[in-house]
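Heads up, the thing below is written out as structure tokens.
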Amino acid sequence: MSGSKVYKWAFIDRVGIAVLNLGGNIVLARLLTEADFGLLAMIAIFVAVAADLSSCGLSDGIIHKVNPTREDYSTVFVANTVMGLIFGSAFFFGAPLMASFFHQPELLNITRVLGVCFFFQCMSFTQETYLRKQLKMKQMCFVRIGATVSSLGLGITLAVLGYGYWALVCTQLVLSVFFYVYYVAASRWFPGFRFNVRTFKEFFRYGAPLMLAYLGNIVSKNINTSVLGRFYTSALSGVYYQGAKLANVPFSVSESSLNMPFFVVASNEPDPDRRRGLILGMMPVIIGFNAILLFFMLVIAAPGIELLYGDKWLAAIPVFRILALCEFTVCIKLFSQTICKVYDRTSYVSRIAVVEILAQLGLLALFFDKGILCIAWTQAGGVMISTAVYLFFFARLTELSAVSMAGIFFSVIWLPAVACVFSAAALYTLSAVGDFHAVVHCAVAGLVYAGVLVGIGEVFRPTAYMQWRSRIIKKNCK
């Protein structure tokens, strides 16, 4: 598959998944309570940490290797399956401890069911990696969309029938099972059951530092809902979860459609100069696209959440804004992390992961009793510290000066920032004039934001804007 088609199908995949998840989440949020979401949010960190540790970073080892063999895939599959069985059993037998720790008896059966989900999820790692390595993004797109539609359909049906939080649990169970089944069907390939110790050590040596980095990202994203559930209420944990999930959806599209395929493309490029050119060409694309998302999300937050989720979720608005800024920073961090992986500097990744975990835990220890907004800022603070360290190493690896890097950031951020100011002013004026429906506020915010973005871009023609403009026009002319 050509490079353009790789990004095309990756983008279709992420946009399709994002739209489906957003639509399904809106329906479920209106049918269920904050406490229903909070029950799953409390233990999300344990599920995510187990998934990260069970992968052992082996999938990244396969992606990084130029020509992995069938035995390589088989070794990874066996390792992941065994780890999935171990952690799945731990969830099943450790469920009483989880329920006791959070003082929520409902978590007993929830945790046991999620252990089953976890086992199937681990088994699908190798199938997904095989398709990614072969750049078969089209097949991956159909698999992910098909599994998502199936799981959300069941979840919404159960919610309508009054099953409460079990609608969310069953959604995750069906999703994990269907991912595995659909990946096997799409690839028409199944790894063997051979295990090579030397291969495992090779991939683990490369992937273990990345596993620690992913662990840092997992802790950053999930620990706050656990803290809120343990020391506050399940409802407040659910509010934070919804704000975080809504903030993550747009940026996950960027991450999976741009950064993740770029890792494969850059890793497959043997020429150092061309690889550096690819990296420096992608950097303003990553920052610019995410900046447009960030500033629009900041201005649309209040009317958007009111329109989509209803009045009972208004408390998530300030949390959403803080975490939108956090997610923007995460995208920059993950791109810098990708560059470290491309240059085989995974030791940098593991060290920075430790820095991020310690920073966030330290901030959380200081401010966990100061309320939900301070807790949200602890997440953003930890990410900002680690991203600053990543950018230092990014500059060293690509031989990019601090002045040049600052210039790239400013050149792509200023235009959406100006559009955000004009859009916010329009919303303020609209509120002063009268009490309009949230639909009107959303429409005005979107039109003003897009109008200013395009209008100023056409007048001043900044380099980043013209690059995006030329790409769009070129695609439409084909």
Side-chain angles (χ1 to χ4, degrees), residues 21-48 95 97-114 152 155-156 158-172 218-249 301-324 326-327 360 364 367-380 438:
N21 281 332
L22 179 60
N25 190 51
I26 290 171
V27 176
L28 290 171
R30 289 183 171 273
L31 293 171
L32 304 176
T33 67
E34 299 95 316
D36 289 331
F37 283 92
L39 286 171
L40 271 75
M42 288 181 199
I43 60 175
I45 186 171
F46 300 101
V47 178
L97 294 176
M98 198 81 72
S100 175
F101 177 76
F102 287 104
H103 308 298
Q104 298 285 349
E106 298 92 341
L107 290 178
L108 176 64
N109 291 325
I110 291 176
T111 304
R112 285 177 170 169
V113 173
L114 291 181
L152 285 176
I156 292 172
L158 292 176
V160 171
L161 294 176
Y163 283 90
Y165 59 81
W166 280 112
L168 301 175
V169 177
C170 291
T171 298
Q172 293 196 23
I218 288 166
V219 170
S220 173
K221 287 181 178 295
N222 294 285
I223 192 171
N224 289 348
T225 54
S226 296
V227 170
L228 288 167
R230 178 64 176 81
F231 296 102
Y232 291 83
T233 64
S234 59
L236 205 58
S237 178
V239 168
Y240 192 98
Y241 172 80
Q242 282 293 2
K245 187 171 184 178
L246 187 58
N248 174 258
V249 168
I305 290 179
E306 179 185 357
L307 175 65
L308 297 177
Y309 290 89
D311 293 341
K312 68 179 179 180
W313 293 101
L314 293 181
I317 293 173
V319 176
F320 168 77
R321 284 179 169 143
I322 295 171
L323 297 183
C326 179
E327 291 291 344
Q360 181 167 356
L364 193 57
F367 299 106
F368 79 95
D369 59 345
K370 304 299 182 183
I372 189 171
L373 296 186
C374 285
I375 290 177
W377 277 114
T378 64
Q379 179 177 341

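Reckoned from all heavy atoms, side chains included, excluding hydrogens, waters and symmetry mates. Values in this document were obtained by computation on a predicted structure and should not be read as measured data.
Ile372 places none of its side-chain heavy atoms less than 4.5 Å from the side chain of Tyr232. Taking 4.5 Å as the limit, every side-chain heavy atom of Leu114 sits out of range of all side-chain heavy atoms of Thr111. Annotation: side chain of Leu22 is in contact with side chain of Leu246 (closest heavy-atom distance under 4.5 Å). Residues Ile45 and Thr225 fail the side-chain proximity criterion, which asks for heavy atoms closer than 4.5 Å.
Using modelled atom types, one side-chain atom of Asn222 and one backbone atom of Ile218 make a donor-acceptor pair closer than 3.5 Å. A donor-acceptor pair under 3.5 Å is absent between the side-chain atoms of Arg230 and the main chain of His103, judged by distance alone.
Between Gly155 and Thr171, the shortest heavy-atom contact is CA-OG1, 3.1 Å. Between Gln242 and Ala29, the shortest heavy-atom distance links the atoms NE2-CB, 3.8 Å. Residues Glu106 and Leu39 approach most closely at CB-CD1, 4.2 Å, considering heavy atoms. Across all their heavy atoms, Gln172 and Leu40 have their closest contact at NE2-CD2, 3.3 Å. The two residues Tyr240 and Ala376 come nearest to each other via the heavy atoms OH-CA, 3.5 Å. For the pair Lys312 and Glu34, the tightest heavy-atom approach, listed with the atom from each and the gap, is O-OE2, 3.3 Å.
To the nearest 0.5 angstrom, Ile322 atom CD1 is 10.0 Å from Gln379 atom CD. Note that CD1 of Ile375 and CG of Leu364 are 6.5 Å apart. Values are rounded to the nearest 0.5 Å. Interatomic distance, Tyr165 OH to Leu32 CG, rounded to the nearest 0.5 Å: 12.0 Å. Note that CG of Asn224 is 4.0 Å distant from OG1 of Thr378, once rounded to the nearest 0.5 Å. Atom-to-atom distance recorded for Ile43:CD1 and Phe102:CZ is 8.0 Å, nearest 0.5 angstrom. From Tyr241, atom OH reaches atom CG of Asn25 across 6.5 Å, with rounding to the nearest 0.5 Å.
Around atom CZ of Phe367, no more than 12 heavy atoms belonging to other residues, nucleotides or ligands sit under 6.0 Å away.
Using cut-offs of 30° and 60° on the angle between ring planes, the pair Phe368 and Phe231 is tilted.
Remark: Tyr163 pairs with Leu158, Leu161, Trp166 by the side chain to side chain contact (heavy atoms under 4.5 Å, CB included) rule, at least two apart or across chains. Residues meeting the salt bridge (charged side-chain N to carboxylate O under 4.0 Å, His left out) test with Lys221, sequence neighbours left out: Glu327.
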